[in-house]
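First the proteins, then the strands, lettered A, B, ... as listed; each starts at 1. These values consider heavy atoms only, across backbone and side chains, with no hydrogens, waters or symmetry-generated copies.
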There are 2 protein chains.
Amino acid sequence: MGRPPKFSRQRLQDAALAIVDEKGSGALSMRVLAAALGTGPMTLYNHVAGREDLDVLVVDAVLSRARWSRQPDADWRAEVREIALAGWRAVREHPRAIPLILTRRTRSTAALEMAEALLAALARSGCRGRRLLVAFRAVMACIMGFAQGDLAGPLAAAASENAAEVLARVLSLPPDRFAHLIEIAAAARDSSAEEEFLGGLDLLLAGLEAQPAAS
Amino acid sequence: MGRPPKFSRQRLQDAALAIVDEKGSGALSMRVLAAALGTGPMTLYNHVAGREDLDVLVVDAVLSRARWSRQPDADWRAEVREIALAGWRAVREHPRAIPLILTRRTRSTAALEMAEALLAALARSGCRGRRLLVAFRAVMACIMGFAQGDLAGPLAAAASENAAEVLARVLSLPPDRFAHLIEIAAAARDSSAEEEFLGGLDLLLAGLEAQPAAS
DNA sequence: ACCTGAACACCGTTCAAGT
DNA sequence: ACCTGAACACCGTTCAAGT
C-alpha cells in the first residue's frame with residue numbers, strides 16, 4: 001500500500017505532447033505512449049482512465065502554457081486582447097495538437113481557467129447575462145476558429161508544411177466558379193496568421209462597442 | 001473493362017453519414033462501412049483512397065445539404081447572415097459529425113462552395129484584399145467556433161444529450177475561482193443555440209460596419 | 001495501491017488472385 | 001476496370017496475477 005505513482009501527471013503530459021508534436025495527433029496511442037515511457041500499455045491505466053484521457057492530457061498541456069497578466073487599470077479591450085492572443089499563441093505553438101484541441105477543449109481545466117479570465121475581462125465592459133454569454137462565445141469561437149483555419153484552411157498562410165500545397169489547390173480551382181477564393185488566396189500569401197487573428201478579434205471588439213446594449 | 005462501379009458516391013456518403021449519426025464519429029471504419037453496404041472491406045478501396053477519405057465523405061455530405069439563395073437586391077449583411085446560418089444549421093443537423101467537420105472541412109468541396117458564396121456576399125460591402133480575407137475568416141471562425149461550442153462547450157445548451165451533465169459540472173466548480181463561468185451557465189440554460197450564434201454573428205457584422213476601412 | 005503480461009476483439013492496408 | 005479474401009501489423013481494453 002501507499003506506493004508512490006511511477007509517473008507524474010506532468011511526465012505523462014510531456015511525453016504525450018512530444019509524441020503529438022513529432023508524429024501528429026494520430027500517432028498518439030496507449031501503446032506508443034507506454035513504449036515512450038519504457039513501460040507496458042496496461043501500466044498507463046493506473047494514471048489515466050482510458051484512451052480519451054490521453055487526448056485531454058495533451059490539450060491541457062498545450063492550453064496550460066498560455067500566460068497572461070491581469071490588467072485592472074488597462075482598458076478592458078486590451079485585457080481581452082491579451083488573453084485571447086495568449087490562448088491563440090499557445091495553440092499555435094503546437095499545430096499538430098489542434099485537431100485534439102478543437103475536439104476536446106471542453107474537458108480541459110486549463111481551458112476553463114482561460115474561459116473564466118476572458119469572462120472577467122469582458123464583464124468589465126458592463127455586459128451581463130445573455131449578452132456576456134454571447135460575447136464570450138464569440139471570442140472563444142474566434143480563437144478556435146482562427147486556429148482551425150490556420151491548421152489547414154483553404155487560405156492557410158505559412159506555418160503548416162502543406163500550406164503551399166493548399167494554396168496551389170485553391171489557385172488551380174476553376175476561376176469562374178471560385179473567383180473570390182482565388183482573389184484572396186493572393187492576399188493570404190502576403191499576410192501573417194497573427195495579424196489576421198488580431199484583425200478578426202478587433203472586428204468583434206468593435207462590434208461589442210457598437211452594440212453596447214443590444215440583443 | 002468498363003464495369004460500372006458497384007456503389008455510387010451518394011450511396012457511400014449516405015451510408016457513412018448514417019453510421020456517424022447513429023453511432024458517433026468514432027464508430028466509422030472501413031470495416032463497419034463495408035459491412036453496412038454488405039461487402040468486404042477491400043471493396044471500398046475501389047471507391048475511396050483510404051480511411052481519411054471516409055471522413056471527408058461525411059463532411060461533404062453534411063455541408064452539401066446547406067442551402068441558401070442569392071439575394072442581390074437585399075442588404076449584403078442579410079445575405080451573409082443567410083449563408084452563415086445555412087452553414088451553421090447544416091452542421092447542427094448532424095452533431096455527431098462535428099468533430100469531423102472541425103477537422104476536415106478543408107478537404108470538402110462543399111465547404112469551398114460555401115466559402116465562395118460567403119466571400120461574394122462580403123465583397124458587396126466594398127472590402128477587398130486583406131480586409132476581405134479577415135472578414136471572411138472571422139465569419140467562418142464564427143460558424144465553426146459556435147458549432148464547436150455547441151458540441152460540448154462548458155455552456156452547452158440543450159441539443160447534446162450530455163448538456164445537462166456539462167452544465168452540472170460547471171455549476172459544481174469552486175465558486176470563488178469560477179464566479180463568472182457559473183454566472184453565465186444560468187444564462188446559457190435559458191438561451192437557444194441559434195440565438196447565440198446569430199448574436200455572435202451580428203457582433204461581427206456590427207464590427208464590419210464600425211471599421212469600414214480600417215486595418 | 002500500484003504494476004503488468006497474456007489474450008481478445010477490433011482496426012487499416014498490402015498482396016495476390018479473381019472477373 | 002473493378003471486386004475480394006487472407007494475412008500482417010497495429011489498436012484499446014478485460015482479466016487475472018503479481019508486489
Can you pull every protein N or O that's under 3.5 Å from an N or O on nucleotides 11-14 of chain D?
{"residue": "D:dC11", "atom": "OP1", "partner": "A:S29", "partner atom": "OG", "Å": "3.2"}
{"residue": "D:dG12", "atom": "OP1", "partner": "A:M30", "partner atom": "N", "Å": "3.0"}
{"residue": "D:dG12", "atom": "OP2", "partner": "A:M30", "partner atom": "N", "Å": "3.1"}
{"residue": "D:dG12", "atom": "OP2", "partner": "A:R31", "partner atom": "N", "Å": "3.4"}
{"residue": "D:dG12", "atom": "N7", "partner": "A:R31", "partner atom": "NH1", "Å": "2.5"}
{"residue": "D:dG12", "atom": "O6", "partner": "A:R31", "partner atom": "NH1", "Å": "2.8"}
{"residue": "D:dT13", "atom": "OP2", "partner": "A:Y45", "partner atom": "OH", "Å": "2.7"}
{"residue": "D:dT13", "atom": "OP2", "partner": "A:R51", "partner atom": "N", "Å": "2.9"}
{"residue": "D:dT13", "atom": "O5'", "partner": "A:Y45", "partner atom": "OH", "Å": "3.2"}

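- Checking the phosphate oxygens (OP1, OP2) of D:dA1, no side-chain nitrogen or oxygen of B:K6 falls inside 4.0 Å.
- For the OP1/OP2 pair of D:dC3 and a distance below 4.0 Å, the side-chain nitrogens and oxygens of B:H47 include at least one atom meeting the criterion.
- Taking a pair as Watson-Crick or G-U with both hydrogen-bonding distances under 3.5 Å, the stems of three or more pairs touching DNA chain C are C:4-8 with D:12-16, C:12-16 with D:4-8.
- Within 6.0 Å of CD on A:E52 lie no more than 12 heavy atoms contributed by other residues, nucleotides or ligands.
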Stepwise salt bridge (charged side-chain N to carboxylate O under 4.0 Å, His left out) check, B:R89 with B:E194: CA-CA 8 Å; B:R89 278 181 177 156; B:E194 184 162 316; 2.6 Å; yes
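- A salt bridge links A:D202 and A:R81; the closest N-O separation between the charged side-chain nitrogens and carboxylate oxygens is under 4.0 Å.
- Between B:F197 and B:F146, the angle of the ring planes goes over 60°, which puts this pair in the perpendicular group of the 30/60° scheme.
- Applying the salt bridge (charged side-chain N to carboxylate O under 4.0 Å, His left out) test to A:E195 and every residue at least two apart in sequence or in another chain returns B:R130.
- Salt-bridge formation is detected for the pair B:R137/A:D150: a Lys NZ or Arg NE/NH1/NH2 atom is positioned less than 4.0 Å from an Asp or Glu carboxylate oxygen.
- Checking the phosphate oxygens (OP1, OP2) of C:dT4, a side-chain nitrogen or oxygen of A:T39 falls inside 4.0 Å.
- For A:E79 and A:R70, the salt-bridge test fails: no basic side-chain N is under 4.0 Å from an acidic carboxylate O.
- For C:dC3, neither phosphate oxygen OP1 nor OP2 lies less than 4.0 angstrom from any side-chain nitrogen or oxygen of A:T43.
- A salt bridge is defined here as a Lys NZ or Arg NE, NH1 or NH2 lying under 4.0 Å from an Asp or Glu carboxylate O, and A:D14 with A:R9 fails to meet this definition.
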